[in-house]
Protein chains: 2
Amino acid sequence: MARTPVWKSIAIALTDDIAQGRYETGGKLPAEAQLATRFGVNRHTVRRALAEMSEQGLVHSRRGAGVFVAAKPTDYPIGRRVRFHQNLTREGRSPAKQILTLETRAASAREAKALQLDPGAEVHVYDGLSLADGQPIALFQSIFPADRFPGILDALQEQRSVTAALQKFGVGDYTRIETRITAKLATATQALHLRIAEGSPILRTTGVNGDPQGRPVEFGRTWFAGDRVTLTVGGES
Amino acid sequence: MARTPVWKSIAIALTDDIAQGRYETGGKLPAEAQLATRFGVNRHTVRRALAEMSEQGLVHSRRGAGVFVAAKPTDYPIGRRVRFHQNLTREGRSPAKQILTLETRAASAREAKALQLDPGAEVHVYDGLSLADGQPIALFQSIFPADRFPGILDALQEQRSVTAALQKFGVGDYTRIETRITAKLATATQALHLRIAEGSPILRTTGVNGDPQGRPVEFGRTWFAGDRVTLTVGGES
DNA sequence: AGGTAACATTTGTATAGTTGTATAGGAAAT
DNA sequence: ATTTCCTATACAACTATACAAATGTTACCT
């Protein structure tokens with residue numbers, strides 16, 4: 001008779017707790033030490049159970065903070081119009097953006113080409129972090145031509161929304177000109193922001209948005225946490 | 001596999017930022033709290049990174065003010081001609097002098113001997129602070145024979161430059177007759193002026209400058225902040 | 001103009017809590 | 001005998017929170 005290991009039954013019990021809604025998604029589980037006394041076992045045994053659940057993507061832990069119930073993977077449509085805020089509210093999730101850095105610098109060759117600028121022209125750069133229900137979803141970098149959008153960084157600082165900021169400059173609508181998607185591994189800093197392990201899979205998309213006249217207005221790069229996002233293509237709306 | 005600690009990768013990222021010139025030397029870094037949100041970690045983790053960088057002399061912090069990019073150590077040539085202003089402008093740094101006290105008093109035995117004066121003769125004393133890019137570099141004390149340079153204190157008060165002041169009295173050129181260098185620990189008052197910790201290493205130089213005829217015109221003592229200055233000897237120009 | 005008081009900002013310090021990792025060893029199943 | 005499961009302990013790394021201390025800024029009064 002192969003008895004089920006203790007840790008497995010603990011994992012089942014905790015999984016059930018989550019399913020029953022006793023711990024809400026995104027919420028914190030009791031500390032490992034507390035769970036250990038609750039189940040009357042050593043902390044390591046609880047850890048073994050949590051490791052199993054973590055591997056299944058049910059929970060994720062942050063050193064020093066606690067163990068959290070993982071949110072469901074996000075479906076993120078990549079169509080002609082990509083609007084972060086819209087994408088998430090449609091799914092009933094609460095989006096948020098966090099500014100990491102705002103700076104102005106000379107464009108790299110790659111950036112200048114994408115935006116059809118002279119090499120070395122000035123660009124405004126917006127580095128940020130996208131969150132859904134408080135959980136990091138993606139890192140992004142938005143680059144705008146400085147001469148056409150002077151002071152756009154101030155607008156972004158106030159509202160954080162690219163759509164709203166561009167509207168201030170008379171760009172009421174913009175659509176994707178080009179999108180590329182590749183797979184990468186998370187660097188240390190990326191992993192830090194996205195709260196994933198170093199070396200976890202990352203979806204990187206590179207895209208250029210243009211105004212109705214076809215002039216490029218934004219060159220954007222986005223790094224999605226592969227475990228939390230599913231990109232969907234097609235099915236335009 | 002020993003993963004690199006989070007604080008280390010932050011220190012590396014910040015060091016790189018400084019090296020890339022994103023934060024100019026002498027300039028202020030974002031507040032610890034801001035850096036913490038930018039890197040998505042707790043403030044203490046940022047502090048750990050800053051502590052490492054501070055130990056390496058890359059930054060220094062002032063409570064209530066901020067964290068500043070430490071200026072690179074200054075190469076200060078001690079040759080036959082020591083000109084503070086020249087030394088720094090050659091390195092592309094902006095020098096400044098700050099007067100602490102100007103007074104006239106009787107020379108001590110040591111001072112009288114160095115200047116070849118009768119014991120108890122009157123001397124003018126110029127206590128001041130040298131700065132590079134706004135950062136304190138050294139405390140100094142310049143002593144002049146009062147009978148030969150009456151009213152030199154007024155000249156110094158106007159221009160603060162020893163070279164210019166001596167020129168007013170017909171000393172167009174002067175060179176080092178003698179220089180001594182020793183190491184000390186900073187006293188409380190010295191530390192205050194130099195903005196270093198009490199007990200930090202201090203380079204003390206004692207020197208006598210003389211006119212072309214070999215007559216001593218100035219007896220000077222300088223206390224350099226050991227962390228910020230490297231004295232270089234030889235390689236006359 | 002100058003001083004002063006109040007306030008907000010920022011770094012320094014202390015304490016406690018939480019997860020991550022390493023090591024060592026006992027008990028039970030194969 | 002060996003392997004797996006679990007316990008026990010200790011320490012490192014990071015978080016969370018609160019408060020102290022120094023600084024810079026601004027408003028206001030004289």
Side-chain angles (χ1 to χ4, degrees), chain A residues 1-14 23 27-55 58-70 134-136 188-189 191-200, chain B residues 1-14 23 27-55 58-70 134-136 188 191-193 195-198:
Chain A
M1 281 288 252
R3 281 219 332 260
T4 59
V6 177
W7 62 264
K8 206 156 210 170
S9 58
I10 292 177
I12 290 172
L14 285 176
Y23 302 119
K28 201 174 109 175
L29 258 56
E32 291 174 352
Q34 288 183 37
L35 289 175
T37 64
R38 166 179 152 189
F39 288 105
V41 297
N42 189 272
R43 183 163 80 96
H44 283 317
T45 310
V46 171
R47 282 181 64 73
R48 181 68 189 85
L50 290 174
E52 179 81 359
M53 296 167 70
S54 178
E55 202 150 320
L58 244 151
V59 298
H60 62 100
S61 57
R62 275 174 54 207
R63 174 188 296 208
V67 180
F68 300 85
V69 180
Q135 191 182 47
T189 27
L192 205 59
H193 282 125
L194 293 173
R195 302 200 191 292
I196 56 181
E198 193 174 336
S200 298
Chain B
M1 281 284 249
R3 281 216 330 261
T4 59
V6 174
W7 62 263
K8 205 158 211 168
S9 59
I10 291 177
I12 291 173
L14 285 175
Y23 303 118
K28 203 173 106 175
L29 257 58
E32 292 174 349
Q34 286 181 40
L35 289 176
T37 64
R38 167 177 155 193
F39 287 105
V41 300
N42 190 272
R43 184 163 78 95
H44 284 310
T45 310
V46 171
R47 281 179 66 73
R48 181 68 186 84
L50 290 174
E52 178 81 359
M53 296 167 70
S54 178
E55 201 152 319
L58 213 74
V59 298
H60 62 100
S61 56
R62 278 171 50 208
R63 175 189 292 206
V67 180
F68 300 83
V69 180
Q135 192 182 46
L192 199 60
H193 281 123
R195 294 204 172 139
I196 57 180
E198 191 174 339

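Lettering of chains follows the sequences in order, A, B, ..., and the numbering in each one begins at 1.
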Residue list, side chain to side chain donor-acceptor pair (under 3.5 Å) with E52(A), at least two apart or on another chain: none
Chi angles and distances behind the side chain to side chain contact (heavy atoms under 4.5 Å, CB included) call for F39(B), V6(B): CA-CA 10 Å; F39(B) 287 105; V6(B) 174; over 6 Å; no
W7(B) side-chain N/O to dA13(D) phosphate OP1/OP2 under 4.0 Å: no
F68(A) CZ to dT15(D) P, straight-line distance once rounded to whole Å: 11 Å
Gap between atoms CZ and P, on R62(B) and dT10(C) respectively (whole Å): 14 Å
R47(A) CZ to I10(A) CD1 distance, which is reported to the nearest 0.5 Å: 13.0 Å
From dC5(D), dT19(C), dT11(C), nucleotide with atom closest to P5(A) side chain: dC5(D)
Any residue meeting side chain to side chain donor-acceptor pair (under 3.5 Å) with H193(A), in chain and number order, not counting sequence neighbours: none
Of residues 35-49 of chain A, the positions that come close to DNA chain C - non-hydrogen atoms, cut-off under 4.0 Å: R43(A), H44(A), R47(A)
Closest listed nucleotide, where the reference is the side chain of V6(A) and the choices are dC6(D), dA22(D), dA13(D): dC6(D)
Gap separating the OG1 atom of T45(A) from the CG atom of L50(A), nearest 0.5 angstrom: 11.0 Å
For atom CG of L29(B) and atom P of dT10(C), their distance in whole Å: 13 Å
Student check: side-chain heavy atoms of L35(B) and L14(B) closer than 4.5 Å: yes
Gap between atoms NZ and P, on K8(A) and dT4(D) respectively (whole Å): 14 Å
Residue-phosphate contact under 4.0 Å: S61(A) side-chain N/O, dT18(C) OP1/OP2: no
Separation of atom CD in E32(B) from atom P in dA22(D), rounded to whole Å: 16 Å
Set of residues satisfying side chain to side chain donor-acceptor pair (under 3.5 Å) with respect to R48(B), sequence neighbours excluded: none
Interatomic distance where CZ belongs to R63(A) and P belongs to dC11(D) [whole Å]: 16 Å
Side chain to side chain donor-acceptor pair (under 3.5 Å) involving R43(B) - partner list, sequence neighbours excluded: E32(B)
Between dT18(C) (C1') and Q34(A) (CD): distance, integer Å: 10 Å
Nearest-Å distance for atom pair CG/P, residues L192(A) and dT15(D): 8 Å
Distance, nearest 0.5 Å, that separates CE of M53(B) from CG of L58(B): 5.0 Å
Atom pairs, protein N/O to nucleotides 3-5 of chain C N/O, distance under 3.5 Å:
none

